[in-house]
Each structure stands twice: as C-alpha cells, then as structure tokens.
Amino acid sequence: MSSLLLGMLGCSLVLSVQAMYSSSDDVIELTPSNFNREVIQSDSLWLVEFYAPWCGHCQSLAPEWKKAATALKGIVKVGAVDADQHKSLGGQYGVRGFPTIKVFGANKNKPEEYQGGRSSQAIVDGAMNALRALVKERLSGKSGGSSYNKQQSSGGSKKDVVELTDDNFDETVLNSDDVWLVEFFAPWCGHCKNLEPEWAAAATAVKEQTKGKVRLGAVDATVHQVVSSRYGVRGFPSIKIFRKGEEPEDYQGGRTRGDIIEKAMDLFSDNAPAPELVEILNEDVLKKTCEDSQLCIIAVLPHILDTGASGRNGYLDVMVKMAEKYKKKLWGWLWTEAGAQMELEASLGIGGFGYPAMAAINARKMKFALLRGSFSETGIHEFLRELSVGRGSTATLGGGVMPKINAVEAWDGKDGQLPVEEEYDLSDIDLDEDLEKDEL
C-alpha cells in the first residue's frame, strides 16, 4: 500500500510540474504550430514566457504569471511556451535560460526582453508601459498593423535568401568558408510555396544570429539543372547542407522556421571556434564582452606573486577548456588579477580572499551567480550546467549597474617580481662624526 501511495504521489508531482498552465488559465499555451498565427500575425501586444517545467524559478513565476494574465485579459495577450519541449521555438528567439520573458510589440520580428520584476503587479505595470509605447508609436505613424505580407509571416525577407545559379554556385557556396543550407525548388511545387515564407524568415534570423557565418540559399532546379543534377536532386523541395571541403549532406529536419533556425544554429556552433579568453584591461573590454553575450563568465585569479606564471596558466587552461565545452552558448569569457579591479570584486561580493573566484554576469538583467565549488573543470562544469538550465542562486549586481573598471597593463606572461628597493650609498657618511653631534 505504501509503495502504491508513493507511486501515486510521484505521478501527481510529475503531473503538477508538467501541467504548469491549463486551458482554465488566462495564459495562452503557445507551440510551433500556433505561434505564427497567434503572435506574429496579431496586432495585439504579447508577453510571452519561455519556460521549462522542471525549472524552479519558472514554478515560482507561474502563479504570478496567471494573475497577470487575468488582470490583462482583453488588453494585452499573455502566453507561455514550454521551451524544453519546443526547443526550436525557444532557439528561434535566442532563449538560453529559464524563465525568459519576451515582449512582442510593434515589430513582432524583434521582440524585446522583459527586464522588470516577477510579481504579478510588476508584470502588469511592464505590460501597460509597453502598451503605451506601442500606442504612441502608432499615433506618430511609425507603426501600422502587422499584416502577414508586410512582416513576411515572421520577419523573413527574400533578400536574405541568396539566389544561386549554375554560374555562381561554386564560387558562392563551395569556395565559401561559411556553412550553407541550400533549397532546391520548382516554382510549380506546392510544398515549395509553403516552405518559401519559412525559408525567408529563417534566412533573416540566421543571418543576424550567426553574423553571416551560416547562409540560406535557393536554386530554381527547373532552370539551373546542371548544379541540381550534380547533387542528385529528384524531388522538391530538397535541402542540402554544404560545408567547405566536405561532401554535402541532406537536411533531415522539420520545415518550420524554428526547425530550420535550430539546425542552422547547431551548424554554427559546431563550426565556430571557442570564444577568446580576454583579460579585463579597460572598461571597453568588459562592456563589449558582456553586452554582446547573454552571460559573461569572469574569473578573478590570484596575484601573480602567489602563483607564478605556471600556476596562472593552469587556471587559464581550465577556463579555455570550459569555453570550448560551452561554445554553443556563445558566452563571453574574461579574467582579471586579484586586486586589479576592486570595484568589480566588491560588486560581486568577492573582495580580498578566496581566489581564484568565478562569477557569471547577465548584464541585461544586472544579475550574477558565484561559483561555490572548486575552480576545476568538474567544479566549473557543474556551476555552468546549473546556470544553463535555469537553476542556481543569483543576486543583483552591486548598485544595479556595471562597476567602474580601471585601465591596467596586460599580463606579460612572466613570473611576478617583487618591487626593487632603492639602494643608498652610505660610503661618504662619517657615522662617528654624526654620533658626536648627537651626544652634544
């Protein structure tokens, strides 16, 4: 009987976690199949939460999110995406942690990250502020409705799909260092017509997110038959992946923009070099790295006199390995010497002892988390893994702003040296004479 009760309790716990929102709530459940219709093609303002059912912070947010949805009913749409189940949809909007809240306003193609509090009142206040901004934009004539044609069904632009031909294919694709996803289509093909807006939307998103390192192209196989027959294209649409120096492979994924973007981002991450580990030498280094990345990982290493060059290089090697391991996250990686950036240490609550130390900073939310375990591959991996799935304890950065950074000289890669004391020449001083004067 006891095992039966435990089993029932376990099942109820699993169900309670998975069923975070239900049809009786005013929160609209969003999936890849309805997201475009409900959100992208809508003229309404949307607040959308991307969550994972197992995420503790998401579970804490759920009752507040429901209250806010009820309060905003008929005014602002409030939705939720299970981004653990629908990874392609989360990937399309750069979701790497949970919960992530996006505001889909005038430009549905470029949602803004919600930066406010997580109480129902704070969410409602944030929604109303966004709504006022949207109305003001429309009054000024800067923004109209979000018709399907105007927004290309999700922000896609045909100009971001590269037109490929028999004449330009080799030079554009095969000789390129970039990764290419190429669609071979026929103008009369119904499936090709259905794919067209998805392909265009994905092309725009992928171009922006990979900075042009992954490109999407299209070949009219009825016109450019040389290149199409070379790759054995017999059905439409056919999608192939091209990487320099490798045989092309067939794309096996889904045909929604989310599926295409997810595959493109995987290709980008697989081919991208590990991010550079940079010493914090001035304010620009910190600002650029942290603002360009969702998280910046910062290590404060012991003074060079405490470790020598070999000890410091050992710590740096660990960080380089972790940067390689987590390169798909596109995080920034920084380090500084203990005592060189005291305001940074103070804002992170490190200050004065416990080196080496490590922190992960979200510059947009002004939040950070500290490494509590060992400064080792195992300890750092555990720390970063918890962060990447939305777990771990976070705190607000001291003062709620990025700290002041001092300009310092770069480490020369050598052992430290104690400062040389100034030597004095005492050979011309008559000590006996001075002593006699003192006695007088």
Side-chain angles (χ1 to χ4, degrees), residues 20-23 25-52 58 61-62 65-66 68-96 98-116 123-124 126-135 137-138 142-157 194-206 208-209 254-262 265:
M20 195 170 289
Y21 301 105
S22 68
S23 57
D25 300 322
D26 293 312
V27 177
I28 300 169
E29 184 179 357
L30 298 168
T31 67
S33 62
N34 71 359
F35 195 89
N36 182 58
R37 181 182 69 254
E38 293 284 353
V39 180
I40 301 302
Q41 297 184 44
S42 167
D43 287 325
S44 301
L45 178 76
W46 276 84
L47 265 67
V48 178
E49 175 204 4
F50 295 83
Y51 71 92
C58 302
L61 176 63
W65 197 245
K66 293 175 184 178
T70 300
L72 292 166
K73 190 173 183 178
I75 304 168
V76 173
K77 298 289 186 78
V78 177
V81 175
D82 181 346
D84 190 48
Q85 179 180 355
H86 306 298
K87 293 183 174 64
S88 63
L89 195 51
Q92 181 176 344
Y93 294 104
V95 174
R96 297 188 179 91
F98 305 117
T100 293
I101 300 173
K102 302 272 185 181
V103 180
F104 290 79
N107 186 349
K108 294 292 197 298
N109 311 317
K110 292 185 178 180
E112 297 179 1
E113 188 126 353
Y114 171 77
Q115 303 284 8
I123 294 164
V124 168
M128 296 309 294
N129 288 337
L131 186 61
R132 278 191 287 270
L134 175 60
V135 172
E137 251 189 272
R138 288 179 179 174
K142 292 179 181 177
S143 172
S146 52
S147 69
Y148 181 80
N149 291 332
K150 185 186 297 182
Q151 297 220 9
Q152 291 285 331
S153 177
S154 74
S157 172
N194 292 336
L195 177 61
E196 184 178 1
E198 305 296 310
W199 198 249
T204 299
V206 169
E208 291 177 357
Q209 293 182 36
R255 301 299 173 91
T256 68
R257 70 207 65 188
D259 294 326
I260 298 163
I261 292 167
E262 183 177 23
M265 294 307 295

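We use all heavy atoms of the structure for the numbers below, so side chains are in, but hydrogens, waters and symmetry mates are not.
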message = Apply side chain to side chain donor-acceptor pair (under 3.5 Å) to residues Arg132 and Asn129 and explain how you reach the verdict.
response = CA-CA 5 Å; Arg132 278 191 287 270; Asn129 288 337; 2.5 Å; yes
request  = Report yes if some heavy atom in the side chain of Leu195 is under 4.5 Å from a heavy atom in the side chain of Ile260; otherwise report no.
outcome  = yes
ask   = Lys110: what forms a salt bridge (Lys or Arg N to Asp or Glu O under 4.0 Å) with it, not counting sequence neighbours?
value = none
message = Contact between Asp259 and Glu198 at the side-chain level, heavy atoms closer than 4.5 Å - yes or no?
response = no
Interatomic distance, His86 atom NE2 to Phe35 atom CZ [nearest 0.5 angstrom] = 11.5 Å
query = Can you name the nearest heavy-atom pair linking Cys58 to Met20, along with the distance?
reply = O-SD, 3.9 Å
key: CD on Gln85 to OG1 on Thr31, rounded to 0.5 Å   = 8.5 Å
task = Kindly check if the number of other-residue, nucleotide or ligand heavy atoms within 6.0 Å of CD (Gln115) is above 12?
result = yes
inquiry  = Using the salt bridge (Lys or Arg N to Asp or Glu O under 4.0 Å) criterion, which residues pair with Asp84? Sequence neighbours excluded.
reply    = Lys87
query = Heavy-atom distance under 4.5 Å between the side chains of Asp26 and Val78, does that happen here?
reply = no
inquiry  = To check you understand the geometry: which heavy-atom pair defines the closest contact between Ala71 and Val124, and what is its length?
reply    = CB-CG2, 4.0 Å
message = Could you tell me if the side chain of Leu45 sits less than 4.5 Å from the side chain of Val103, heavy atoms only?
response = yes
task = May I ask you to decide if Ser42's main-chain N or O and Lys108's side chain share a donor-acceptor pair within less than 3.5 Å?
result = yes
key: Residue pair Glu49 / Val27, side-chain heavy-atom distance below 4.5 Å   = no
request  = Decide if atom CD of Glu29 counts as having more than 12 heavy atoms of other residues, nucleotides or ligands within a radius under 6.0 Å.
outcome  = no
inquiry  = Regarding Lys102 and Glu113, does a basic nitrogen lie under 4.0 Å from an acidic carboxylate oxygen?
reply    = yes
ask   = Between CG of Leu134 and CG of Asn107, what distance do you get to the nearest 0.5 Å?
value = 11.0 Å
inquiry  = If the test is ring-ring contact (aromatic ring centres under 6.0 Å, His included), which one of Tyr114, Trp46, Tyr93 qualifies with Phe104?
reply    = Tyr93
inquiry  = Using a 3.5 Å distance criterion without hydrogens, assess whether the side chain of Trp65 forms a donor-acceptor pair with backbone atoms of Gly79.
reply    = yes
inquiry  = Using 0.5 Å steps for rounding, measure from the CG atom of Asp82 to the CZ atom of Phe98.
reply    = 8.0 Å
task = Return the minimal non-hydrogen interatomic distance between Gly90 and Ala83, and the atom names on each side.
result = CA-CB, 4.4 Å
query = What residues form a salt bridge (Lys or Arg N to Asp or Glu O under 4.0 Å) with Lys77, not counting sequence neighbours?
reply = none
key: Interatomic spacing from CG in Asn194 to CZ in Arg255 - rounded to 0.5 Å   = 11.0 Å
message = If you define the side chain from C-beta out and look only at heavy atoms, does anything of Leu61 sit under 4.5 Å from Ile123?
response = yes
request  = Please round to the nearest 0.5 Å and tell me the distance separating atom OG1 of Thr100 and atom OH of Tyr51.
outcome  = 13.5 Å
